[in-house]
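To start, the structure itself, in structure tokens.
Just so it is clear, the model here is predicted, and its values are computed rather than measured.
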Amino acid sequence: MEFRITGRTALLLFFDIAATYAAYWLASVLTNVLDEVFINNEIYFILGILAFFNVAVLGVMRLYNNLWEYASIDEAIQIVISLALSTFGGAVFLWVIDVRLPIRVFFVSFFLLLFLCGGMRMVYRVMRQKRRALTSQAKSADRPRTLVVGAGETGSLTIDRMASKDPLMPGVPIVATDDDPSKRGLRIHGVKVAGSSDDILDLVDKYDIEQIVVAIPSATLDERRRIYSICTQTDCRLRTLPNVRELRTDELDDVSLRDVDVADLLGREEIILNTRAVSSYIAGETVLVTGGGGSIGSELCRQLCNVAPKRIVVFDMYENDAYLLRRDLSAAYDDIDVVVEIGNVCDTARIEEIFDKYRPGVVFHAAAHKHVPLMEQCPREAVQNNVFGTLNTVRAADEHGVKRFIFISTDKAVNPTSVMGATKRMGEMIMQYYARTSETVYSAVRFGNVLGSNGSVIPVFKRQIAEGGPVTVTHPDIERYFMTIPEASRLVIQAGGMAKGGEIFILDMGDPVKIVDLARSLIQLSGLTPDVDIRIEFTGLREGEKMYEELLMDEESTLPTDNSSIMVSTGQDISYEEVARKLDELEACIEMTDEQAISVLEDAVPTYHHTSYR
């Protein structure tokens with residue numbers, strides 16, 4: 001947590017300095033040494049030293065970062081220790097510079113400082129709670145009986161805000177749990193810590209709990225997985241909140257509860273990539289994002305804004321999403337020029353116009369048809385958009401001297417069984433060919449399914465649950481790799497900075513997840529029981545769908561990078577004649593039947609083996 005001077009912090013600093021002056025002056029009066037010590041020495045110099053030691057130690061102990069309306073016994077102990085250290089440090093320093101104050105002055109002033117500094121914080125807390133209670137409009141029906149998992153700082157904040165009827169923390173705190181044995185039996189803002197996480201099921205029944213708030217964001221992956229597993233066995237609404245120690249003090253008032261989502265239950269830590277370390281190629285540049293209004297494209301734009309491009313050009317054929325994205329980015333980043341251009345990557349003239357107009361230095365190509373079943377029904381459209389739309393964009397980047405071009409690929413391009421996967425593999429081949437002959441640095445990023453993206457399985461499951469089921473899964477054993485949208489977007493930016501030309505970057509995505517497990521987790525998160533309240537129905541594999549996805553083809557090999565979470569595959573060498581022949585054949589197939597188009601695509605992509613379950 002960073003230290004930041006806010007109006008509240010400045011007021012606290014001023015009060016602590018004033019309290020130090022008052023405490024030592026009053027201590028000298030009470031111990032009858034005022035005339036003996038301070039009149040014969042430079043009083044303001046001495047008090048200034050003592051005040052400096054006081055606020056310095058309080059700052060080091062992060063007592064200007066804590067918000068005291070959420071204070072508990074931990075903070076009380078912390079301020080006692082801090083004031084003892086500052087008093088001792090001041091005494092030692094004065095002794096070193098040959099200023100002698102009687103020990104009884106320091107002893108009395110210590111207790112006066114406890115009363116003044118600690119008491120002021122407690123008064124602030126009480127006033128804050130009363131103000132919240134008076135202004136809150138929360139209704140009792142919106143405040144479910146709540147069990148809080150975790151009695152640390154985050155749990156303390158949760159209980160206190162709930163008790164003061166904060167609308168951002170809806171609930172009535174009834175009981176808490178903590179796996180630290182020393183906290184059992186204690187009370188946090190009047191709420192008893194009645195057991196450990198192993199007691200959650202019993203406590204839910206005993207206290208008629210309706211909501212569980214998991215307030216242990218700093219817990220390990222295994223601890224969270226175990227606790228969520230216990231909580232999902234109840235019918236309670238399951239919620240959580242961020243780690244308050246990772247927030248600035250001015251952000252704490254806006255902390256709110258959120259529903260635990262499926263990403264919390266996946267059983268893998270999200271990989272946080274050091275975007276800034278490799279993103280110097282973006283700073284000050286005009287960046288073009290094709291498909292910029294989509295799930296990946298829009299998050300790419302948001303992440304790019306954090307590394308200071310001069311301009312972001314959002315190119316998309318759907319104006320609504322692009323318009324909303326521009327509005328959000330312009331409001332959040334007023335120093336970055338965000339431009340929206342509507343068009344289709346299949347329109348060669350339009351692509352040329354965009355490159356001529358903006359002269360981008362970096363291109364992220366995210367525009368694509370991505371839905372496997374739909375592309376099985378419309379293979380010629382998939383070829384037109386995913387192959388020739390990519391070719392148009394790659395060629396324009398080469399002709400206009402773009403510095404870097406990053407192509408968004410998919411694990412479905414590996415030994416593809418679907419039209420979508422085959423067209424994305426062809427896009428990789430186009431990228432790799434141009435990487436061999438162009439001064440533009442081309443690379444691709446290959447990753448699996450993205451949680452919550454448009455049309456992905458998670459929104460479908462949520463809609464089916466809201467409608468009362470059934471939740472449809474194609475096969476009980478089907479599994480996929482998953483990552484979050486921000487994680488995927490950071491990987492793409494990271495890859496752009498690491499690229500030398502022609503690489504396909506692959507993220508260590510952990511273990512694959514069974515789709516049926518995701519379905520069960522979502523049902524449980526909704527407070528329902530799988531196959532009791534909501535039925536899971538298996539519908540059979542669809543056309544082009546694999547039982548499991550792969551990240552590498554047989555002929556590919558991987559090399560490590562400076563980031564242990566990223567591998568790189570150089571793929572096969574592709575000759576100009578081979579790529580040209582494949583593109584000519586594919587261009588001709590646009591005028592053919594769907595069956596002929598699939599046959600030509602199989603010839604163009606040797607690793608593609610079309611499967612049909614009809």
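Shown are I200, L238, V213, T240; of these, the side-chain contact (heavy atoms from CB on, under 4.5 Å) with V149 is made only by I200. For the side-chain contact (heavy atoms from CB on, under 4.5 Å) test with F364, the passing option among I406, T290, V445 is I406; the others fail.
No hydrogens or angles considered: nothing links the side chains of E503 and S443 as a donor-acceptor pair under 3.5 Å. Side-chain atoms of T607 and R425 include no donor-acceptor pair closer than 3.5 Å.
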Problem - Worked check of side chain to side chain contact (heavy atoms under 4.5 Å, CB included) between Y434 and L391 - result: CA-CA 10 Å; Y434 269 85; L391 177 61; 4.1 Å; yes

Exercise for the section: Would you sort out whether D199 and R184 count as a salt bridge (Lys or Arg N to Asp or Glu O under 4.0 Å), showing the intermediate values? Expected result: CA-CA 12 Å; D199 301 311; R184 310 278 169 74; 5.8 Å; no

Problem - CA sep, side-chain torsions, deciding dist, call: Q494, R490, side chain to side chain contact (heavy atoms under 4.5 Å, CB included) - result: CA-CA 6 Å; Q494 180 100 345; R490 288 191 293 264; over 6 Å; no

Practice task
Assess whether salt bridge (Lys or Arg N to Asp or Glu O under 4.0 Å) is satisfied between D603 and R581, documenting all intermediate values.
Solution key: CA-CA 11 Å; D603 180 65; R581 178 185 64 81; 3.4 Å; yes

Problem - Working for side chain to side chain contact (heavy atoms under 4.5 Å, CB included), residues H475 and I515 - result: CA-CA 8 Å; H475 194 282; I515 301 300; over 6 Å; no

Practice task
Show your working on side chain to side chain contact (heavy atoms under 4.5 Å, CB included) between M420 and N386 and close with a plain yes or no.
Solution key: CA-CA 8 Å; M420 192 280 281; N386 294 359; 4.2 Å; yes

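Relative orientation of the Y442 and F405 rings is tilted, given thresholds of 30° and 60° on the angle between their planes.
Shortest non-hydrogen contact noted between I296 and A488 is CD1-CB, 4.0 Å. The two atoms that bring A322 and I342 nearest to each other are CB-CD1, 4.4 Å, heavy atoms only. Heavy-atom minimum distance, G293 versus D316: N-OD2, 2.9 Å. In this structure, P530 and I523 approach most closely via the heavy-atom pair N-CG2, 3.7 Å. Summarising the geometry of E428 relative to A413, their closest heavy-atom pair is OE2-CB, 3.9 Å, with the distance given to 0.1 Å. Nearest approach of K183 to V193, heavy atoms of both residues: O-CB, 3.3 Å.
Rounding to the nearest 0.5 Å places SG of C346 at 7.5 Å from CE of M317. Taken from CD1 in I504 to OG in S409, the straight-line distance is 6.5 Å, to the nearest 0.5 Å. Taken from NZ in K424 to NZ in K412, the straight-line distance is 11.0 Å, to the nearest 0.5 Å. With rounding to the nearest 0.5 Å, the separation of CD in E381 from CG in L374 is 11.5 Å. Taking CZ of R237 as the reference point, atom CD1 of I209 lies at 15.0 Å (rounded to 0.5 Å). Remark: Y608 OH to N415 CG distance equals 13.0 Å, nearest 0.5 Å.
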Without placing hydrogens or testing angles, list every side-chain donor-acceptor pair under 3.5 Å for residues 167-178, not counting sequence neighbours.
residue: D178; atom: OD1; partner: D180; partner atom: N; Å: 2.8
residue: D178; atom: OD2; partner: A151; partner atom: N; Å: 2.7

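Taking K514 as the reference, D477 meet the salt bridge (charged side-chain N to carboxylate O under 4.0 Å, His left out) condition, with sequence neighbours excluded.
One finds a salt bridge joining D517 and R520 here, because a Lys/Arg side-chain nitrogen approaches an Asp/Glu carboxylate oxygen to under 4.0 Å.
Side-chain contact check for R446 versus V414: some heavy-atom pair is nearer than 4.5 Å. Between R239 and T146, every side-chain heavy-atom pair lies at or beyond the 4.5 Å cut-off. Within the 4.5 Å cutoff, no side-chain heavy atoms of M375 are placed close to those of T423. Side-chain contact check for I430 versus F407: every heavy-atom pair is 4.5 Å or farther apart. Side-chain contact between C301 and V314 is present, with heavy atoms from C-beta onward closer than 4.5 Å. Side-chain contact check for M429 versus T390: every heavy-atom pair is 4.5 Å or farther apart. Two residues are said to be in side-chain contact when any heavy atoms from C-beta on lie closer than 4.5 Å; Q211 and L257 meet this criterion. Residues T234 and D205 are not in side-chain contact: their nearest non-hydrogen atoms beyond the backbone lie 4.5 Å or more apart.
Checking side-chain atoms of S156 against main-chain N and O of G152 turns up no donor-acceptor pair under 3.5 Å. Here the side chain of Q464 pairs a donor or acceptor atom with the backbone of T472 at under 3.5 angstrom. With T393 contributing its side chain and G389 its backbone, the two residues share a donor-acceptor pair below 3.5 Å. With hydrogens and angles disregarded, a donor-acceptor distance shorter than 3.5 Å links the side chain of N392 to the backbone of V345. Counting only distance, with no hydrogens or angles, the side chain of E210 and the backbone of R145 share a donor-acceptor pair below 3.5 Å. A donor-acceptor pair is defined here as one N or O able to donate and one able to accept, closer than 3.5 Å; no such pair exists between the side chain of R380 and the backbone of A597.
By the neighbour-count criterion of 12 heavy atoms within 6.0 Å, atom OH of Y318 is sparsely surrounded, having that number or fewer from other residues, nucleotides or ligands.
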